[in-house]
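Please read all numbers here as calculations on a predicted model, not as lab measurements.
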Amino acid sequence: MTDRYTIHSQLEHLQSKYIGTGHADTTKWEWLVNQHRDSYCSYMGHFDLLNYFAVAENESKARVRFNLMEKMLQPCGPPLDKPEDS
C-alpha cells in the first residue's frame, strides 16, 4: 500500500518540477505545445540536425535557428477558449 503512495508522490514531484510531464488536467492543446517546443529545442540543440534543415530549406543555419525560435512562441496557434464553469 505504501508503494502506491510513494509512486504517486514521486509522480506529483516530477509534474511540479518539469512542465512537460503534464498532469490530469492537461489539455490536448497544452500537451501538443509541449511536444512541439521540445522538438524545436532538440532540433536546435543537435548541430547536425540543424545543418540538415538548413541544407534542405536552402537557408543559413542562423535563419533556421531564428525560424525555430519564432515557431516556439505559439507552435500550435493561439490557445482555445476555455468554457466557463457556472
Side-chain angles (χ1 to χ4, degrees):
M1 192 63 133
T2 59
D3 290 337
R4 186 171 73 179
Y5 293 119
T6 57
I7 291 172
H8 185 66
S9 65
Q10 288 173 354
L11 184 60
E12 284 181 348
H13 175 70
L14 280 175
Q15 290 169 346
S16 67
K17 189 173 180 182
Y18 302 108
I19 296 171
T21 56
H23 49 79
D25 297 328
T26 301
T27 64
K28 180 180 178 181
W29 182 82
E30 291 171 336
W31 184 80
L32 284 172
V33 166
N34 287 331
Q35 291 297 315
H36 280 90
R37 286 184 178 155
D38 287 346
S39 297
Y40 294 147
C41 285
S42 177
Y43 301 156
M44 287 189 296
H46 290 89
F47 184 72
D48 293 332
L49 199 51
L50 191 66
N51 284 338
Y52 175 76
F53 287 146
V55 169
E57 295 176 5
N58 197 22
E59 295 281 352
S60 68
K61 290 181 278 188
R63 174 56 63 181
V64 171
R65 182 169 293 177
F66 176 77
N67 289 340
L68 289 173
M69 290 288 281
E70 287 286 315
K71 288 180 184 179
M72 285 178 66
L73 292 176
Q74 285 189 340
C76 297
L80 301 174
D81 295 332
K82 294 182 180 179
E84 295 186 24
D85 296 330
S86 299

Margin query: Do K61 and V64 have side chains that approach each other closer than 4.5 Å (heavy atoms only, starting at C-beta)?
Written below: no
List, one per line, each side-chain donor-acceptor pair under 3.5 Å for residues 69-76, sequence neighbours excluded.
none

Margin query: Quick check for you: to the nearest 0.5 Å, what is the distance between T26 atom OG1 and N34 atom CG?
Written below: 7.5 Å
Could you list the donor-acceptor pairs under 3.5 angstrom formed by side chains in residues 44-54, with sequence neighbours left out?
{"unit_1": "H46", "atom_1": "ND1", "unit_2": "S42", "atom_2": "O", "d": "2.7"}
{"unit_1": "H46", "atom_1": "ND1", "unit_2": "S42", "atom_2": "OG", "d": "3.4"}

Notebook entry, point to check: Taking only residues two or more places apart in sequence or in another chain, which ones pass side-chain contact (heavy atoms from CB on, under 4.5 Å) with S39?
Noted result: Y43
